[in-house]
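Below is one structure, written out as C-alpha cells, with a few remarks after it.
In this chain, numbering begins with 1 at the start of the sequence shown.
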Amino acid sequence: MSINEAMVQDVVKEVMAKLQLASGASEGLGAFADMTDAIAAAKKAQGYIHRMSMDQREQIISVIRRKTKENAEILARMGVEETGMGNVPHKILKHQLVAEKTPGTEDITTTAWSGDKGLTLVEMGPFGVIGAITPCTNPSETIICNTIGMLAGGNTAVFNPHPAAIRTSLYAINMLNEASLEAGGPENIACAVRKPTLDSSNIMMKHPDIQLIAATGGPGVVTAVLSSGRRGIGAGAGNPPALVDETADIRKAAEDIVNGCTFDNNLPCIAEKEIVAVDCVVSELLHYMVSEQGCYLASKEEQDRLTSTVLTPKGLNRKCVGRDAKTLLGMIGVSVPDNIRCIIFEGEKEHPLIAEELMMPILGVVRAKDFDDAVEKAVWLEHGNRHSAHIHSKHIDNITRYAKAVDTAILVKNAPSYAALGFGGEGFCTFTIASRTGEGLTSASTFTKRRRCVMSESLCIR
Ligand code: NAD
C-alpha cells in the first residue's frame, strides 16, 4: 500500500467514526433526527436562495464542484466501504464527472416573444423545497448531482437517502452545506434525516412544503412516489440490452460492451445488462470478449450455481450486487486470475441471469436469427422500462429501426453505455434518468416551474 493510499484510508476511517458519532448527536451540517425539522430547515434556506442572484447561486455551485473533486477519493472509498458495492477507481471518475459536467445556472433559460402586442417571457422558477429519494448504487453521486441542479433552479433539497448508504450520503450533504457557507450562502441547502425509513419517506411525500419529489431507484420507490398525489419525477429501473448486428466492428463492440458493463461493477442503471447479437457474429464476439477483454465463459453448470447464488426466492441477493466478477465466481467455488472482469455465457432471453436486472458483471449473450429477431428480443428484455438501450452497428436504417422500437430515454451507438453520461460522449451528466415519467436525463431546468410574464402593448422596441 502506498503512503498516499494509507493516508486516505485513515481519513476515511476518521470521517466514518465522526459520522457514526453524528448519527446519535447533532454534528454534520444538514443532518436531522426528524424529517419535519429537515424540511423546515431546507425551507428557511430556500428563502435565502430565492433572494440570491443567479451569479451568487453559481458561486455556490462552483465551490461544490471544487469540493466534489477534492473529496472524490474519500467519497468513493466511503461508498465502497459502506455499501460493499462498486469499485473505488470508477467511483472517483463518477464524482469527477458530476463535478465537471452537471449543468448549473446556464441551464436556466428564458423564452421570449416580442411584437406589436408587447413582450412575453417564459421563465423557469423554483418549486421551493424538493424531496429527493436516492439509491445505494450511486449514493453521493446522485445527491451532489441532484443538489447542483435543484440549487441552480433556486430550490433547496431534502433527501431520504438509502439506509445502506447513509453515512456516505450524510458526508456528501455536509460537504454541500460547507460549500454554501464558504461561498456566502445559507446552511441547509441540502438536508436529510440521519435514520431514513419508509416512515420518514412518507412524511416527506405528504408534507405540504414539498411541491416536487424526485425519486431515483427501483420500481417500488417510483410507484410509491407516483401514488403520493404529489408531482413526481420517476427515475426507475432499467435492463439495457446491447444489440450487435453484422455491420458492427465486432472487436470494438466487444471492447465497448465489456468496458460499459464492468464500469463500477455494473451498478449504473444505464450499463449493459445483456447482449443480443445476430447469429453470424456471435462466435467472433465471444472470441474477442474472452481472448482480449478479460471475460470468463461460464459453463452450464456454473451458470446454474450462479443463478441460485445471485437470485434468491425473495429476489436479488444483495450480497452479490455490485461485486466484481472474481468475487462472484469465488462465491460458486471458481478461482480465476485478477484480470477476469466479466462473466459471460450464451443463453435464451428467458434465462434468469439475462432477463433480470442484476447490477453485477454477468453478461448473457442471446443469439438472434436476424436483425428483426434481435430487435424483438432486445425490446422484450428492456421490459418496457423505456430506460436505456445500446447498439453496435454501422447501418443507419438498422439503428433508426431499433431506436423507434425500443423507445428508450438513452440509446448509445457504437460506444460504452457511459458515453450517455457525458463520459467519452458529448452532453451533460446526470445520475437521475427519468425514464418512467419522461423527463429523460434530468438537469437544473427539470427542477423548475414555467412562468409566463406578459407586458401588453409595451417594451417591444423593434
Ligand atoms: P431501491 O429501489 O432499493 O432504493 C432506492 C431508494 O428508494 C432508496 O432510498 C430506498 O430506501 C427507497 N425506497 C425503496 N422502496 C421504497 C418505497 N416503497 N417507498 C419509499 N422509498 C422506497 O434501489 P437501489 O438498490 O438503491 O438502486 C438500484 C435501482 O435503482 C435499480 O433498479 C436501478 O436501475 C435504479 N436506478 C435508476 C436510476 C435512474 O436514473 N433511472 C439511477 C440509479 C438507480
Side-chain angles (χ1 to χ4, degrees), residues 29-32 35-43 45-46 49 61 64 68 98 102-103 126-166 168-177 180 188-207 209-218 220-228 230-236 269 429-437 439 441-449:
L29 297 174
F32 291 82
M35 177 55 86
T36 315
D37 292 343
I39 294 170
K43 189 178 177 188
Q46 202 268 332
I49 293 293
I61 290 167
I64 293 174
T68 302
V98 165
T102 303
F127 275 92
V129 183
I130 300 179
I133 301 175
T134 48
C136 56
T137 47
N138 320 305
S140 41
E141 300 90 314
T142 310
I143 285 175
I144 298 167
C145 184
N146 279 180
T147 302
I148 292 176
M150 290 170 186
L151 179 67
N155 310 281
T156 53
V158 170
F159 291 93
N160 202 62
H162 197 297
I166 186 61
T168 311
S169 301
L170 290 181
Y171 184 87
I173 285 168
N174 181 62
M175 185 199 81
L176 290 161
N177 287 306
S180 179
N188 299 322
I189 57 165
C191 299
V193 280
R194 281 186 219 112
K195 289 192 179 155
T197 59
L198 284 182
D199 281 345
S200 57
S201 173
N202 280 331
I203 292 170
M204 184 179 89
M205 287 192 223
K206 294 196 172 80
H207 198 286
D209 288 330
I210 300 290
Q211 303 295 317
L212 173 69
I213 303 163
T216 310
V221 64
V222 174
T223 302
V225 164
L226 296 185
S227 319
S228 70
R230 288 293 148 82
R231 172 145 191 237
I233 294 174
C269 53
C429 163
T430 183
F431 277 88
T432 295
I433 295 138
S435 39
R436 272 277 285 278
T437 45
E439 292 83 357
L441 285 85
T442 59
S443 62
S445 58
T446 318
F447 305 117
T448 58
K449 296 194 236 189

Q) Could you go step by step and tell me if Ile189 and Asn177 meet the side chain to side chain contact (heavy atoms under 4.5 Å, CB included) rule? A) CA-CA 6 Å; Ile189 57 165; Asn177 287 306; 3.4 Å; yes
Q) Can Lys195 and Ile166 be said to form a side chain to side chain contact (heavy atoms under 4.5 Å, CB included), step by step? A) CA-CA 8 Å; Lys195 289 192 179 155; Ile166 186 61; over 6 Å; no
Q: Check the pair Phe32 / Cys191 against side chain to side chain contact (heavy atoms under 4.5 Å, CB included), numbers first and verdict last.
A: CA-CA 7 Å; Phe32 291 82; Cys191 299; 3.8 Å; yes
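Side-chain contact check for Ser443 versus Thr446: some heavy-atom pair is nearer than 4.5 Å. Looking only at side-chain heavy atoms (C-beta outward), Lys449 and Leu212 stay at 4.5 Å or farther from each other. Taking 4.5 Å as the limit, some side-chain heavy atom of Ile133 sits within range of a side-chain heavy atom of Met205.
Every residue two or more places apart in sequence or in another chain was checked for a side chain to side chain donor-acceptor pair (under 3.5 Å) with Asp37, and none qualifies. Under the side chain to side chain donor-acceptor pair (under 3.5 Å) criterion, Thr102 pairs with no residue, sequence neighbours left out.
For the atom pair OG1 (Thr147) and CG (Leu176), the distance works out to 4.5 Å, reported to the nearest 0.5 Å. One finds the CD atom of Glu141 at 10.5 Å from the OG1 atom of Thr68 (value rounded to the nearest 0.5 Å). The distance from atom CG of Asn138 to atom CD1 of Ile144, rounded to the nearest 0.5 Å, is 11.5 Å. Distance check, rounded to the nearest 0.5 Å: NE2 of His207 to OG of Ser228 gives 14.0 Å. Once rounded to the nearest 0.5 Å, the distance linking CD1 of Ile130 with CG of Asn146 reads 8.5 Å. Atom CD1 of residue Ile173 and atom OG1 of residue Thr168 lie 11.0 Å apart, to the nearest 0.5 angstrom.
Nearest heavy-atom pair across Gly234 and Thr437 is N-OG1, 2.8 Å. A pairwise comparison of heavy atoms in Thr137 and Pro139 identifies C-CD, 3.5 Å as the closest pair. When all heavy atoms of Val221 and Ala215 are compared, the closest pair comes out as CG2-CB, 4.1 Å. What you find for Gly30 and Asn188 is that their closest heavy atoms are CA-OD1, 3.5 Å. The two residues Leu226 and Gly232 have their closest heavy-atom pair at CD2-O, 4.1 Å. Shown here for Ile143 and Ala172, the closest heavy-atom pair between the two residues is CG2-CB, 4.3 Å.
Thr432 and Thr216 are linked by a side-chain donor-acceptor pair at a separation below 3.5 angstrom, with hydrogens and angles left out of the test.
Checking side-chain atoms of Arg230 against main-chain N and O of Ile210 turns up a donor-acceptor pair under 3.5 Å. Side-chain atoms of Thr430 never come within 3.5 Å of backbone atoms of Leu441 as a donor-acceptor pair (strictly under, hydrogens ignored). Looking only at distances, a side-chain donor or acceptor of Arg194 sits under 3.5 Å from a matching main-chain atom of Ala31.
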Report all side-chain donor-acceptor pairs from residues 155-163 shorter than 3.5 Å, counting only partners two or more places apart or in another chain.
{"residue": "Asn155", "atom": "OD1", "partner": "Phe127", "partner atom": "N", "Å": "2.7"}
{"residue": "Asn155", "atom": "OD1", "partner": "Gly128", "partner atom": "N", "Å": "3.0"}
{"residue": "Asn155", "atom": "ND2", "partner": "Met150", "partner atom": "O", "Å": "2.9"}
{"residue": "Asn155", "atom": "ND2", "partner": "Phe447", "partner atom": "O", "Å": "2.9"}
{"residue": "Thr156", "atom": "OG1", "partner": "Ala42", "partner atom": "O", "Å": "2.7"}
{"residue": "Asn160", "atom": "OD1", "partner": "Ser200", "partner atom": "OG", "Å": "2.7"}
{"residue": "Asn160", "atom": "ND2", "partner": "Thr197", "partner atom": "O", "Å": "3.3"}
{"residue": "His162", "atom": "ND1", "partner": "Ala164", "partner atom": "N", "Å": "3.0"}

